[in-house]
Each structure stands twice: as C-alpha cells, then as structure tokens.
Amino acid sequence: MYNERREQIRALLQTQPFISLKELEKMFPNVSGMTLRRDIEYFENEHEAIKVRGGAKSMKFITTQTDGSIASRLNVNVGSKNSIAKKAAEFLETGRSIFIDSGSTLQKLVQFVPNDRYTFTTTDPAVAIELSKLGLSVVNMVGGRLDRDNQTITGLQATRFLADINIDIAFLSPSGLSARSGFTIGNFSECELKRIVADKAQFVVILMDSSKLNKALPYTFATLDNVNVIITDAPITGDLKELVESKGIQIIDVSQEI
C-alpha cells in the first residue's frame, strides 16, 4: 500500500546520510513520535537505513561499492570469468535445489548450464531470464527491491523468501577474500542475503577472480568454514593458502585454461 509519508522519508534517505527524529517531527507535526519510530524501523527492515540514537543512517551512504556497476564489470576479465564459470558448471546436479548469486561472473555461468531438469533460485533477474530459456529447468526468482547498479534483488521480502527455502548447492561471488575477514562485500543488503544462503547451503562454490584475493570489504557474509570449493584464476599463496587448505577447501585454479 502506498504511504506518502514513508515515500517522503525514503526520498530523504536517498539524499542525506542521516535523518534525525526531530527533523521528522518537524516535517510531520501531526504524526506521533511512536509512529515515526516505526517508520524508521520499517526502513531498517528494508535495509534502507540503520536505526541509531536520535534517528537513522541511510544505507546508501554506508554502502561501499568498490566493484562498480554490473554493466561496467561484465566486459572486464571476460576470459577469466568464462573459465571460472565453465569449471563451476561441473558442480551442477539435477535433483538438487541450486542457488545462483548475482554478479558478472555468475551471469557467465548460465551459458554452460545444460538443458536438464535443474531447480534454480536466483537474485539476479538477468540470470533468471536466461535460465528460463533452457526449457527443462525450474527457475525461482527471489522477490524484493531491485538494486539498479548491481542488478540484484534485496530487501526484507528477499531475505524472508530465502529463509523459507532449502538450498543444496550455492554458487556465490564475493568482492574480497582475506584470512582475517573471510568472504566480504561492500553492500550491506547483499551481505544479508548471501549470509543466509551460505548458512543454509549444504555445498558452497565460490567463484572469484584473483583481484578479490587478500582484499577485505566492510561486510562479511561467509567464513572459510562455510565453503567447499573456491574457483579462481590464479594461485592462492602465502598464509591465505595455508588457511584455506587447513579447512579442507578444494582450490581450483583455471589460469592454465584461459
């Protein structure tokens, strides 16, 4: 249902990093403080704000987007992404509930999916559309709010949807991997979704090019304990390699295939 007051608050969250409860009380003098606090809680549940003392911080200004938009990433390291995606496709299994993450590398995966009876769930509209063209596969699209820059679905509706489904195999892509922070990303809303998937999946395959190695962003969605396979385009070395191997994770380096 359309709520004009909340739309005005949403507009504020898009233009300033912090809105105070006092500011809202001045904007809406006929609305109680309790109702305005519920509005703030609503935007927190939608991952558009974080409730803090005296008001709310906008997630738009907290998010650290270092990878650029999905459009800018699709044509970067294409050879590496294709090789990583082709190897990842070997872990597909019919009769399983399979989750495919959003992202430029994950979009490359679709071209290597055979036309067979798979059951997919994805947060990426482009992936869902391409998978639907296969014919035999069942494709579930997560509902929620569309992040235009990253072309992924986020928000409370999306987290609720994922919390209610079973996942056997998950294909996930981070923005960084470090020994200290694990698998990280710069977007809080995406992090919440990826964390649910990583926790629920029985088998997790990470797709990442070497630019993500030894790199940490603000939000951790998975640790090495959550992951079974890492597919990348360069050797993992040093302390990070030792830690990954100590967890029994299979490392696949496709650099010889590029």
Side-chain angles (χ1 to χ4, degrees), residues 70 73-74 77-143 150-153 158 161-175 177 183 185 190 193-210 212 221-222 224-234 236 244 247-258:
I70 184 71
R73 285 181 276 138
L74 279 172
N77 296 330
V78 175
S80 293
K81 290 175 180 178
N82 281 334
S83 295
I84 291 170
K86 183 177 181 180
K87 182 59 67 172
E90 296 178 8
F91 291 92
L92 292 167
E93 293 183 36
T94 57
R96 301 279 191 175
S97 174
I98 302 169
F99 177 84
I100 297 183
D101 197 5
S102 60
S104 57
T105 305
L106 277 302
Q107 289 189 12
K108 302 294 185 184
L109 174 62
V110 178
Q111 63 186 311
F112 301 108
V113 176
N115 185 19
D116 210 333
R117 298 187 183 280
Y118 298 104
T119 300
F120 293 109
T121 299
T122 183
T123 52
D124 190 319
V127 168
I129 291 170
E130 292 305 311
L131 287 173
S132 69
K133 296 176 182 178
L134 294 175
L136 293 178
S137 295
V138 174
V139 183
N140 297 309
M141 182 72 215
V142 175
N150 295 303
Q151 288 296 294
T152 186
I153 302 298
F161 182 96
L162 290 172
D164 289 338
I165 67 170
N166 296 315
I167 301 172
D168 290 320
I169 305 169
F171 297 90
L172 295 171
S173 181
S175 296
L177 167 61
F183 298 93
I185 192 168
E190 278 195 83
L193 296 181
K194 291 176 189 281
R195 184 181 294 137
I196 291 172
V197 173
D199 287 342
K200 291 176 71 73
Q202 299 298 308
F203 193 86
V204 175
V205 181
I206 295 289
L207 290 70
M208 57 183 292
D209 63 60
S210 56
K212 314 297 175 58
F221 69 85
L224 291 168
D225 292 320
N226 296 111
V227 170
N228 302 93
V229 178
I230 297 174
I231 307 175
T232 187
D233 60 346
I236 298 176
V244 170
K247 299 293 184 178
I249 298 171
Q250 181 182 0
I251 303 172
I252 300 177
D253 173 12
V254 300
S255 58
Q256 300 303 315
E257 303 174 23
I258 299 172

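Keep in mind that the numbers below use all heavy atoms, side chains included, and drop hydrogens, waters and symmetry copies.
- In this structure, Met208 and Phe183 approach most closely via the heavy-atom pair SD-CE2, 4.3 Å.
- Inter-residue side-chain proximity for Ser175 and Ile185 is flagged as met; some heavy-atom pair is nearer than 4.5 Å.
- For the pair Gln250 and Val229, the minimum side-chain heavy-atom distance is below 4.5 Å.
- The distance from the CG atom of Leu207 to the OG atom of Ser80 is 12.0 Å, given to the nearest 0.5 Å.
- Electrostatic pairing of Lys247 and Asp225 counts as a salt bridge here, judged by a charged N lying under 4.0 Å from a carboxylate O.
- No donor-acceptor pair under 3.5 Å is formed between the side chain of Lys86 and the backbone N or O of Phe112.
- Judged by distance alone, with hydrogens and angles left aside, the side-chain atoms of Asp233 form no donor-acceptor pair with the main-chain N or O of Asp209 at under 3.5 Å.
- Rounding to the nearest 0.5 angstrom, the gap separating the CG atom in Leu109 from the CG atom in Leu131 is 8.0 Å.
- The closest side-chain heavy-atom distance from Asp101 to Thr123 is below 4.5 Å.
- Contact record, Gln111 with Asn82: NE2-OD1, 2.9 Å, taken as the closest heavy-atom pair.
- Panel note: side chain Thr122, backbone Ile100; a donor-acceptor pair is recorded below 3.5 Å.
- Between the Lys200 side chain and the Ile165 main chain, a donor and an acceptor come within less than 3.5 Å of each other.
- Judged purely by atom type and a 3.5 angstrom limit, Gln107 has no side-chain atom pairing as donor or acceptor with the backbone of Ser104.
- Of all the heavy atoms in Leu172 and Ala198, the pair that sits closest is CD1-CB, 4.1 Å.
- Separation of atoms CD1 (Ile196) and CD1 (Ile167) is listed at 9.0 Å; rounding is to 0.5 Å.
- Among the candidates Ile231, Ile230, Thr232, the single residue satisfying the side-chain contact (heavy atoms from CB on, under 4.5 Å) test with Ile252 is Ile231.
- We find the CD1-CZ distance between Ile98 and Phe91 to be 12.5 Å, quoted to the nearest 0.5 Å.
- With sequence neighbours excluded, no residue forms a side chain to side chain donor-acceptor pair (under 3.5 Å) with Ser132.
- When every heavy atom of Ile153 is checked against every heavy atom of Pro125, the shortest pair comes out as CD1-CG, 4.3 Å.
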Kindly indicate, with the supporting measurements, whether the criterion side-chain contact (heavy atoms from CB on, under 4.5 Å) is fulfilled by Thr152 and Val142. CA-CA 9 Å; Thr152 186; Val142 175; over 6 Å; no

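- Across all their heavy atoms, Pro114 and Leu92 have their closest contact at CD-CD1, 4.2 Å.
- Considering only heavy atoms from C-beta on, Asn140 stays 4.5 Å or farther from Ser97 through its side chain.
- Going from atom OG of Ser173 over to atom NZ of Lys81 covers 8.5 Å, rounded to the nearest 0.5 Å.
- Listed by chain and number, the residues in a ring-ring contact (aromatic ring centres under 6.0 Å, His included) with Tyr118 are Phe120 (sequence neighbours excluded).
- Of the inter-residue distances, the one linking Ile169 atom CD1 with Asn228 atom CG reads 10.0 Å to the nearest 0.5 angstrom.
- Across every non-hydrogen atom of Lys194 and Ser102, the tightest pair is NZ-O, 4.4 Å.
- Between Val113 and Leu134 there is a side-chain heavy-atom pair separated by less than 4.5 Å.
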